[in-house]
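Shown next, in structure tokens, is the structure this report addresses.
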Amino acid sequence: MKRFFSKKIVTAILFLAVLFPLSLFNFKTAYGYLKQNVQTDFGTKKSHFSQVQTTVTDLNATINDKVYQKYKYIEMYGYIQELLDKKEINNFEVVKADDGSLHYTYFTSGTNPVDVIATRMERLNAAAKKAGSKVMYVMTPDKYIKGKTKFETGIPYNYANETADNFLKELQKNNVDTLDFRQLMKDDGKYTPDSFYKTDHHWKVQTAFWAYTKFVDELEKKYGFVFPNKEEYTNINNFNQITYKDSYMGSMARKEGKLYSGVEDFTFIYPKFDTNYYFYAQTGGASDLNTQGRFEQALTFNSLLSGGGDPYDAQNDKYFTYMDGNPGFVEINNFNEPKGAKVLFIKDSLMVPVASFFSLGCSKVYMVDPRYYAGNIDDLIKKYKFDYVFVSYTPQNLTEEFFPFYKDAKK
Amino acid sequence: MTFASLSFLFYFLPAVLVLYYLFFFSRTLKNIVLLVCSLMFYAWGEPKYVILLILSIVVNYIFGIIIDLSKNRKHAAKFWLVFGLIFNLSMLFVFKYLSFVTKNLNYATGGDIKIMDIALPIGISFFTFQAISYLVDIYRKDAKAQKNILNFALYLSFFPKLTQGPIMRYETFEPQILNRKETVSKFSSGVCMFLVGLGKKILIANNMAIVADRIIEIHNMGQSTISLAWLGAIAYTFQIYFDFSGYSDMAVGLGLMFGFKLDRNFNYPYISKSISEFWRRWHISLGSWFREYVYFPLGGSRVKNKDIMIRNLAIVWISTGIWHGANWTFLIWGVINFVFIALEKMFQFEKSKIPNFIKHMYAMFIIIMGWVIFRANSLTEAGSYIGDMFNFVKVKLYNDYTYMFLKEFGVFFFAAILFSVPLAAIVNNFMAKGILIRNTIDEKPPFESHSLYMQAPLIKLINFIYPFVLMLLFFVCVTYLVKGSYNPFIYFKF
């Protein structure tokens, strides 16, 4: 039996030789955070006993998150999935299309209901009009393009585009102005997978710039909107474009690793001409953010472009270069266009770079991301009396979470 | 805390190993280390309910002493035993069944009794059954009452078996508390078993769980097909086996690392050729417990007439069903097991000359149907799912989802099928047969057969790569854990 056990003894030795060093490294990596968890949880006035469950949950979360060389494991995981030729990753967290682009999806039997969100949108329309604002719902595109995006047989499709169609129909029926970027993209031959990042659900900054110019055109056509210095401000030749080659990992690549997802180029666009801004952002309990200066000093956070930070950290997503991503509340003052319009965007992340460029022709731009905004949107609309109120979400975000306004019919 | 977690692997386990072997000179100190760590292990998942576990330890310890003191007065001993059983079963009833019973009483009577929302303490069924085993063993004089409460506490709370078994009988565990011996071979075998169990859980069970859970989701959306429903049922069949047997392997492996021999809980149940055989191979410790503490005391099979035997079987299998959870689905699942076991006994099915293949197909069919009911949230859901499996008139045979699940998870299905059969035993048997032939030809004396076996090239290769394969398995499992991949814990209902 000696030999029989020898292979097991070797296994045990190897196991211990790996387990203990890894444990020490993991502990070292997490120690500061674990200490902080305990100090924070037990620093509250609540009884220590009631804090135990919270502390255990927090410690578990830290242990799972602060792992030594965590991203090497994520890469290894992605590599295994690639070896297995998997198109579905981790319980359909992400799926890969035939062109290699990654997508969020889920199983569903059809479209999501839109009655509630359409009603809220109608109420917002009425209330904002009463306050003297023009209102428009702006539908940004879903990355899944019918007829162009090809999933492997059986990979679920979430019917987000069909939900969006239903929603727009419902709004149009009730006289809410709408703008559908999917149609505009189709008309301009832009509705292609190349308009989106492969590793992220957002459109490329170049596409967002194009969308901004179309947006200005459409507003002009529909409302006679006057965008100052339009020719200058919407001409791409008046903007610098810096491309960071093979530097971008979108949210989906961060989940599955670059060995599975690949990396891609990121292009940063900012004006060549003179600009002068004040930018203020606030999110929940986080401290306020104040910047001032040119477009690229006030509205963009260029440290994200350097690639110095951890590329797997969501905080370092290059897409968040514009306006620091998704603050709950943003106020932008454009000192160069004091006579420009005063607008509000109630939006998700796709609209952020568009709104950044759009601010060039506005006096004031306000932005609210309902997910992180602590205030009341109904009051905001009543109090600020905007010239324009734009509500804009991508089809996958057409859920009640994104429409937390005018829940009450009386308002 | 679960074994398949980073907190266990990289924090708890190394800490316990260090502390345990630091006190190599004292059995008592080592036991205290294990006890304290076991309570911490439980408290990590259930900070509040650790008090319940301690209460169970203290109360059962006292009952044990009292029953032992009363053993010469049969009626008194019986009284205290019944009292002890009432305490344990009441605890189980309140935490596990009270909400269910209240809900059904309200439904049946149209009443409005307030349904208490009580969270089920993890592992309560396991440690309660072990406490009952302790009291009954003392009453029967199969074991002596444990005078040292710390030793008794260790029996009830030993972390490898605390939350998902195996259910150890006191008379088997008790001698090991003070007289076990830690050896290198035990430790090494324990490590290997633990790694194999981890692999079963993380790689096979969790991937099968994705298939099963998503297919049930598709079914609930009304988009299932016959092939998809069957695939989901098969996926769950593999999920529950690899999850449960994976945890059991890890438990046995961990026990061995600390010198304990825990009972084997699974023995390739899916090679069974009858439901009776299935239950001799599935959750063996639970089956043994019911046989020892319910079936035999009721008279077992050695009763005057078959009616009593059937009654005994019914009691055992309905109890087995509801032991798994407070839901009608578990009860019906128990009844199904009872019906088929009773029929097999009546018709002496296992001794019949029906071809093994047919017997196997029959057994697997009943097992799979049973798991569909077991997995369902309600009998309605189970009925509707089974309807999808057989409704050739209204339900489509196939849709693209079936292809997708097979393509995306095919490798895991293949592994599941492969490891559901005793592969190692088959290879060993195959090699041994070859050696037997060589022995015959070479006319070597039998005592050399072992060395000849070891010299076989395939065995040599297996021995060489074995440690590396297991370490690779460990790394892959850690990778899945760090990634935060789908990792359900299915014992909350138990």
Side-chain angles (χ1 to χ4, degrees), chain A residues 1-16 18-20 22-27 30 49 52-53 55-56 59-60 63-65 67-70 72-74 76-78 80 84-93 107-110 151-156 255-257, chain B residues 1 5-7 9-11 13-15 17-18 43-45 47-48 184-185 187-192 194-195 209-210 213-214 217-218 221-223 399-405 407-409 411 450-451 454 462-464 466-468 470-471 474-476 478-486:
Chain A
M1 294 298 275
K2 248 185 182 176
R3 289 267 195 103
F4 174 68
F5 281 115
S6 69
K7 68 181 177 190
K8 296 192 175 182
I9 291 170
V10 173
T11 311
I13 291 167
L14 285 175
F15 176 70
L16 294 177
V18 166
L19 183 73
F20 282 102
L22 272 183
S23 301
L24 283 175
F25 288 134
N26 282 335
F27 182 66
F49 189 78
V52 173
Q53 181 74 63
T55 308
V56 166
L59 292 177
N60 254 334
I63 286 169
N64 289 330
D65 188 42
V67 177
Y68 175 68
Q69 296 287 341
K70 179 178 178 180
K72 294 251 165 50
Y73 289 105
I74 304 272
M76 189 168 155
Y77 178 85
I80 293 168
L84 294 172
D85 191 29
K86 293 265 284 174
K87 304 296 180 201
E88 164 284 329
I89 305 297
N90 193 22
N91 196 17
F92 299 87
E93 176 182 62
F107 288 93
T108 179
S109 55
F151 284 164
E152 195 163 88
T153 309
I155 295 283
K255 285 181 202 290
E256 317 308 343
Chain B
M1 193 183 295
S5 66
L6 294 175
S7 44
L9 276 180
F10 292 123
Y11 288 79
L13 180 60
L17 282 172
V18 167
W44 191 259
K48 271 186 271 179
V184 173
S185 67
F187 188 92
S188 310
S189 295
V191 167
C192 296
F194 179 78
L195 293 177
I210 295 175
D213 292 353
R214 294 292 71 79
E217 187 185 347
I218 293 167
M221 292 185 316
Q223 295 204 320
N399 65 10
D400 290 343
Y401 286 145
T402 312
Y403 166 82
M404 184 270 292
F405 281 114
K407 188 260 160 191
E408 290 293 309
F409 295 90
V411 66
H450 178 66
S451 72
M454 296 308 302
I462 290 172
N463 283 343
F464 179 74
Y466 182 89
F468 301 103
L470 281 198
M471 287 313 292
F474 175 64
F475 273 115
V476 172
V478 172
T479 298
Y480 272 67
L481 286 174
V482 174
K483 160 67 190 153
S485 61
Y486 197 55

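Listed options B/Met221, B/Glu217, B/Lys483 were ranked by heavy-atom pairs under 4.5 angstrom with chain A; first place goes to B/Lys483. Counting heavy-atom pairs closer than 4.5 Å to chain B, the top-ranked of the candidates A/Met76, A/Lys86, A/Glu256 is A/Lys86.
Using a 4.5 Å heavy-atom cutoff, the side chains of B/Trp44 and A/Leu59 are in contact. B/Phe405 has its side chain out of reach of A/Glu88: every pair of non-hydrogen atoms, C-beta onward, lies at least 4.5 Å apart. Side-chain contact check for B/Met404 versus A/Glu152: every heavy-atom pair is 4.5 Å or farther apart.
Closest heavy-atom contact between B/Met471 and A/Val18: CE-CG2, 3.7 Å. A/Leu19 and B/Phe474 get closest at one heavy-atom pair: CD1-CZ, 4.3 Å. Contact record, B/Ser485 with A/Asn90: CA-OD1, 3.1 Å, taken as the closest heavy-atom pair. When all heavy atoms are compared, the tightest approach of B/Leu9 to A/Ser23 is O-OG, 4.3 Å. B/Val482 and A/Val67 make their closest contact through CG2-CG1, 3.9 Å (heavy atoms, listed as atom of the first residue, atom of the second, distance).
In this structure A/Asp65 satisfies the side chain to side chain donor-acceptor pair (under 3.5 Å) test together with A/Lys70, sequence neighbours excluded.
Ring pair A/Tyr68/B/Phe10: centre-to-centre distance not below 6.0 Å.
Distance check, rounded to the nearest 0.5 Å: CG of A/Asp85 to NZ of B/Lys407 gives 4.0 Å.
Using bins of under 30°, 30° to 60° and over 60° for the plane-to-plane angle, the ring pair A/Tyr77/B/Tyr480 lands in the perpendicular bin.
Judged purely by atom type and a 3.5 angstrom limit, A/Tyr73 has no side-chain atom pairing as donor or acceptor with the backbone of B/Leu481.
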